[in-house]
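Everything numeric here is computed off the predicted structure, so don't read it as measured data. The first residue of the sequence shown is numbered 1, and numbering continues consecutively from there.
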Amino acid sequence: ELSSSRDFATPVSYDGGFFALWEDSRHGPVRVCALYGARLSPPGTVLDVSGFRWTADGLGGSDPSGRCIDTSCLVAWQQHGDGVWVRAFNPTTRSMTAPVVVSMPTGSYAFPFVATDGTVYLLLWVDGGIMGQLLTSAGALQGPARSLVTAGIATRPTAAAAGSTFLLVWVNAAGPT
């Protein structure tokens, strides 16, 4: 068990092991949970017993998502009331880049998801529709964000890659179309 303070966690694999991300209220009320992470060895031994913090003091985060290309990882999360953020991470050295805001909310907003084709990352999120942003393997933004789905009430986007082509899947909250 990595934390007993919240129940939302997501696992991520990288070349050499795993890391887990979770919402943690150890520094404040549940509604402003910080995001924490910890590395695990391939057999599952926790390497960072107390975890390490992803979000800044006083700023809550939720819905973490992450993927890795070799030993370079990208983590995205929803910063409560302050947009979708990303941060690159090297799990071998435990070094992190400064967090970068990718989008500020303009509408119905949530559910960041990171996918990779092994060369670049695709960040998806909901903001009145499904938005997408390409990022380099180092976590730098590549061009502008784009609206990918505007029909219906699209939510909970996910994606997978085959070569350099991504397949986008989402829930249509309005029902079948």
Side-chain angles (χ1 to χ4, degrees), residues 2-3 5-14 18-25 29-38 40 54-55 59-69 72-89 99-137 139-177:
L2 294 170
S3 172
S5 63
R6 283 292 282 187
D7 61 353
F8 184 82
T10 188
V12 180
S13 64
Y14 67 93
F18 304 96
F19 70 94
L21 300 162
W22 68 91
E23 298 172 15
D24 195 308
S25 61
V30 173
R31 64 180 188 79
V32 290
C33 288
L35 294 181
Y36 276 76
L40 294 91
W54 284 85
T55 50
L59 297 175
S62 65
D63 299 320
S65 177
R67 294 291 180 275
C68 298
I69 300 172
S72 173
C73 303
L74 185 77
V75 173
W77 67 92
Q78 179 179 339
Q79 192 83 25
H80 296 299
D82 205 15
V84 170
W85 291 67
V86 296
R87 176 176 246 179
F89 170 63
V100 174
V101 65
V102 176
S103 176
M104 297 302 289
T106 60
S108 175
Y109 199 79
F111 309 115
F113 183 85
V114 179
T116 184
D117 67 358
T119 304
V120 297
Y121 295 104
L122 173 62
L123 172 62
L124 303 169
W125 69 94
V126 175
D127 188 0
I130 296 178
M131 301 294 294
Q133 171 73 57
L134 288 174
L135 295 99
T136 68
S137 61
L141 301 179
Q142 250 186 338
R146 298 174 188 252
S147 176
L148 303 176
V149 177
T150 58
I153 302 172
T155 188
R156 297 209 179 263
T158 61
S164 61
T165 302
F166 287 95
L167 172 67
L168 174 61
V169 179
W170 66 92
V171 171
N172 182 355
T177 56

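- Among all heavy-atom pairs drawn from Gln133 and Gln142, the shortest one is NE2-O, 3.3 Å.
- Contact record, Asp127 with Met104: OD2-O, 3.6 Å, taken as the closest heavy-atom pair.
- Taking both residues in full, the closest heavy atoms of Ala154 and Trp170 are given as CB-CD1, 3.5 Å, listed atom of the first, atom of the second, then distance.
- In this structure, CH2 in Trp125 is found 8.5 Å from CG in Leu148, a value given to the nearest 0.5 Å.
- Taking CG from Leu123 and OG1 from Thr116, the interatomic distance works out to 12.0 Å, rounded to the nearest 0.5 Å.
- When side chains are defined from C-beta on, Val75 does not count as touching Val114, because their heavy atoms never get closer than 4.5 Å.
- Side-chain atoms of Leu35 and Leu21, non-hydrogen and from C-beta on, never get closer than 4.5 Å to each other.
- Judged by distance alone, with hydrogens and angles left aside, the side-chain atoms of Gln78 form no donor-acceptor pair with the main-chain N or O of Pro64 at under 3.5 Å.
- Side-chain atoms of Gln79 and Val101, non-hydrogen and from C-beta on, never get closer than 4.5 Å to each other.
- In this structure, Ala88 and Gly139 approach most closely via the heavy-atom pair CB-CA, 4.4 Å.
- Here the side chain of Thr155 pairs no donor or acceptor atom with the backbone of Val171 at under 3.5 angstrom.
- Rounding to the nearest 0.5 angstrom, the gap separating the OH atom in Tyr36 from the CH2 atom in Trp22 is 9.0 Å.
- Once rounded to the nearest 0.5 Å, the distance linking CG of Leu168 with CZ of Phe113 reads 10.0 Å.
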Under 3.5 Å donor-acceptor pairs involving side-chain atoms of residues 156-167, not counting sequence neighbours:
none

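- Rounding to the nearest 0.5 angstrom, the gap separating the CG atom in Leu135 from the CZ atom in Arg67 is 14.0 Å.
- Taking the six-membered ring where the residue is Trp, Phe19 and Phe89 present perpendicular rings, their angle passing 60° and hence far from 30°.
- One distance of note links OG of Ser65 with OH of Tyr121; it measures 11.0 Å at 0.5 Å rounding.
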